[in-house]
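In what follows, a structure is listed as structure tokens, so that the remarks can point back to it.
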There are 2 protein chains.
Amino acid sequence: MTLAEENYLKAIYHLENQSSNDVSTNALAEEMQTKASSVTDMIKKLAEKNMVSYIPYQGVSLSKAGRAYAVKVVRKHRLWEVFLLEKLNFSWDEVHDVAEQLEHIKSEKLTDKLDEFLGFPKVDPHGDPIPDKDGNFEKIDKTSLADAKEGSTYLCVGVDDSSNDFLKYLDANHISLGTTIKIIHKEPFDNSVKIKFNNVELVVSENVAKNLFLTAV
Amino acid sequence: MTLAEENYLKAIYHLENQSSNDVSTNALAEEMQTKASSVTDMIKKLAEKNMVSYIPYQGVSLSKAGRAYAVKVVRKHRLWEVFLLEKLNFSWDEVHDVAEQLEHIKSEKLTDKLDEFLGFPKVDPHGDPIPDKDGNFEKIDKTSLADAKEGSTYLCVGVDDSSNDFLKYLDANHISLGTTIKIIHKEPFDNSVKIKFNNVELVVSENVAKNLFLTAV
DNA sequence: AAGATTATTTAGATTTGTCTAAACTTTTAA
DNA sequence: TTAAAAGTTTAGACAAATCTAAATAATCTT
Ligand SMILES: [Mn+2]
Ligand SMILES: [Mn+2]
Ligand SMILES: [Mn+2]
Ligand SMILES: [Mn+2]
């Protein structure tokens with residue numbers, strides 16, 4: 001598997017987790033920041049290698065082998081993120097970009113020894129689950145702040161890791177994984193949410209609310 | 001700089017350190033396990049980027065920028081080797097191949113934080129010096145066992161890291177960096193050497209003697 | 001100082017991953 | 001239920017890195 005192929009498998013994996021339908025060429029092009037025609041070419045190659053099943057015009061989905069491969073890459077990505085944060089004192093907004101490179105290092109021994117060195121962590125710095133050696137992981141039960149109930153209290157268990165600016169915003173406002181958050185008020189007009197945590201009240205935009213993941217306490 | 005370009009710079013760097021002459025196309029092809037024609041193509045590209053100076057038919061040498069870049073790659077390679085050995089308990093014959101991949105990760109912050117995490121090591125697991133952030137390193141004073149004087153006592157300070165089998169041989173015979181070695185006898189017939197260390201005597205072949213580096217005590 | 005040998009470069013192909021523009025399917029909506 | 005719009009694939013091109021075969025330059029050898 002080349003670097004490009006690995007990135008496509010990972011992208012298909014993420015998109016499959018978002019919508020349950022087959023992944024469309026355009027969605028994949030958007031995710032990969034490339035053109036639909038490039039995607040079609042790559043899909044054909046992955047289908048040739050039995051990593052995906054593909055019907056022209058109908059979209060693509062991972063085969064068993066393809067999913068297993070994607071999970072391995074995700075495992076490496078998240079383990080490296082933990083390493084960068086815990087051992088090298090990176091901040092949670094810095095780890096993703098470097099992990100994008102490290103996830104492609106090919107050495108099963110390295111991955112497993114790293115896992116052991118880190119104490120077999122179950123989640124990465126953004127609250128995403130880390131698959132074990134066999135590809136198994138627990139699905140984390142979470143709802144976004146945007147879907148939370150007024151008056152209820154939650155624990156912050158995850159964040160969307162795709163925007164560094166969002167993570168810096170959370171840092172600036174002292175919100176992190178493990179923060180207990182009470183929903184004071186949901187404003188129907190703009191879908192902003194007033195929350196309270198650590199005895200501070202804060203109004204966050206809909207955009208923030210959608211990217212912050214909680215679990216009921 | 002692409003992965004291929006980085007590997008060429010590193011190869012030129014290593015060959016320059018071995019012979020002081022300009023590096024020939026064939027030597028580079030041998031080092032890179034590729035064809036001379038491929039080397040010519042790549043040299044032209046590196047010359048275009050001012051990483052090497054190149055006169056057709058006369059060989060190639062690193063420019064200041066090219067050497068600085070090569071040293072950075074070498075720094076990363078050796079730091080990762082230390083990481084793998086010290087933190088992940090790899091053996092010294094396993095670290096090189098994985099470091100060949102890790103040395104291409106592009107993040108100055110990662111490199112410097114890793115350096116700090118490891119306690120700013122001065123040498124890698126094979127006794128080779130690790131350049132600091134600015135590319136400076138001390139040249140290590142060493143002679144090969146093949147050039148050592150009969151009757152003298154030395155300290156083992158380095159090994160040629162290019163053969164895993166050689167490193168495993170040293171492990172099997174309990175020779176490692178820091179081992180004190182006395183030269184008992186040099187056999188002119190086959191250039192084998194009888195040495196004594198830890199109260200054991202051992203005859204090693206010329207091949208072994210050439211790849212084991214010592215410093216006088 | 002040729003002539004032969006060795007070293008190096010050029011010419012022309014190939015693979016991977018990408019692109020634009022054009023053609024073709026599927027979906028939407030009148 | 002057909003025409004327009006949206007989505008997707010094909011055709012043809014390009015850059016990177018490699019190869020083989022042929023041409024050219026440098027170096028040995030007698
Ligand atoms: Mn990430
Ligand atoms: Mn993450
Ligand atoms: Mn090495
Ligand atoms: Mn080494």
Side-chain angles (χ1 to χ4, degrees), chain A residues 1-13 15-16 18-62 66 69-70 73 100-101 103-106, chain B residues 1-13 15-16 18-62 66 69-70 73 100-101 103-106:
Chain A
M1 287 289 124
T2 66
L3 190 142
E5 289 169 342
E6 289 189 347
N7 282 331
Y8 270 92
L9 288 181
K10 197 169 51 119
I12 298 167
Y13 178 77
L15 292 171
E16 277 190 344
Q18 275 171 36
S19 74
S20 81
N21 298 318
D22 277 7
V23 174
S24 75
T25 303
N26 268 359
L28 201 40
E30 165 71 24
E31 177 84 9
M32 292 295 298
Q33 300 271 62
T34 188
K35 304 294 167 178
S37 55
S38 305
V39 170
T40 302
D41 286 346
M42 181 55 89
I43 284 173
K44 283 188 204 160
K45 209 193 322 175
L46 291 173
E48 199 62 44
K49 293 189 176 186
N50 293 309
M51 296 306 244
V52 300
S53 60
Y54 166 58
I55 306 160
Y57 295 99
Q58 300 306 128
V60 72
S61 63
L62 291 173
Y69 200 104
V73 176
E100 284 291 303
Q101 297 179 63
E103 72 188 5
H104 300 290
I105 302 294
K106 287 172 182 61
Chain B
M1 287 290 124
T2 66
L3 191 142
E5 289 169 343
E6 289 189 347
N7 282 331
Y8 271 91
L9 287 181
K10 197 169 50 118
I12 298 167
Y13 178 78
L15 291 171
E16 278 191 344
Q18 275 171 35
S19 73
S20 81
N21 299 317
D22 278 7
V23 174
S24 75
T25 303
N26 267 0
L28 200 40
E30 165 71 25
E31 178 83 8
M32 292 294 299
Q33 300 271 60
T34 189
K35 304 293 168 181
S37 54
S38 306
V39 170
T40 302
D41 286 345
M42 181 55 89
I43 284 173
K44 283 189 204 160
K45 208 192 324 173
L46 291 173
E48 198 64 45
K49 294 189 176 187
N50 293 310
M51 296 308 248
V52 299
S53 59
Y54 166 58
I55 306 160
Y57 295 101
Q58 300 306 128
V60 72
S61 63
L62 290 173
Y69 200 104
V73 177
E100 284 291 303
Q101 297 180 65
E103 71 189 5
H104 299 290
I105 302 293
K106 286 172 183 61

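Numbered from 1 within each chain, the chains take letters A, B, ... in sequence-line order. Hydrogens, waters and symmetry mates are skipped; everything else that's a heavy atom, side chains included, is used.
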Checklist outcome for this item: Heavy atoms of Y8(A) and L46(A) approach each other most closely as CB-CD1, 3.9 Å

Item to check | Rounded distance in Å - CG (L46(B)) to C1' (dA16(D)) | outcome: 13 Å

Checklist entry - Which residues satisfy the side chain to side chain donor-acceptor pair (under 3.5 Å) test with S61(A), sequence neighbours excluded? => result S53(A)

Checklist entry - Of the residues in residues 30-44 of chain A, which ones touch DNA chain D at a heavy-atom distance under 4.0 Å? => result A36(A), S37(A), T40(A), K44(A)

Next on the checklist: Quick check: closest heavy atoms across V52(B) and I43(B), and the distance to 0.1 Å?
Outcome noted: CG2-O, 3.9 Å

Item to check | Residue-level proximity of residues 4-11 of chain A to DNA chain D when a heavy atom falls under 4.0 Å | outcome: none

Checklist entry - Between dT10(C) atom C1' and Y54(B) atom OH, what is the distance in whole Å? => result 10 Å

Item to check | Side-chain N or O of S24(B) closer than 4.0 Å to phosphate OP1/OP2 of dA7(C) | outcome: no

Item to check | Separation of atom CG in L28(A) from atom P in dT8(D), rounded to whole Å | outcome: 10 Å

Checklist entry - Residues in side chain to side chain donor-acceptor pair (under 3.5 Å) with E6(A), at least two apart? => result Y69(A), H104(A), K106(A)

Checklist outcome for this item: DNA chain C nearest-nucleotide lookup for I55(B) and L3(A): closer to the 5′ end is I55(B)

Checklist entry - Listed by chain and number, what are the side chain to side chain donor-acceptor pair (under 3.5 Å) partners of K35(A), not counting sequence neighbours? => result none

Checklist entry - How many Å lie between OH on Y57(B) and C1' on dA26(D), as a whole number? => result 9 Å

Next on the checklist: I need the full list of salt bridge (charged side-chain N to carboxylate O under 4.0 Å, His left out) pairs touching residues 24-33 of chain B, with sequence neighbours left out, sorted by first then second residue.
Outcome noted: none

Checklist entry - Minimum heavy-atom separation for Y54(A) to A47(A), with atom names? => result CB-CB, 4.2 Å

Checklist entry - Can you tell which of dT8(D), dT16(C), dA26(D) lies closest to the side chain of T2(A)? => result dT16(C)

Item to check | N26(B) CG to dT27(D) C1', straight-line distance once rounded to whole Å | outcome: 13 Å

Next on the checklist: Minimum heavy-atom separation for L28(A) and A11(A), please, with both atom names.
Outcome noted: CD1-CB, 3.7 Å

Checklist entry - Which pair of heavy atoms, one from A36(B) and one from N26(B), lies closest together, and at what distance? => result CB-OD1, 3.7 Å

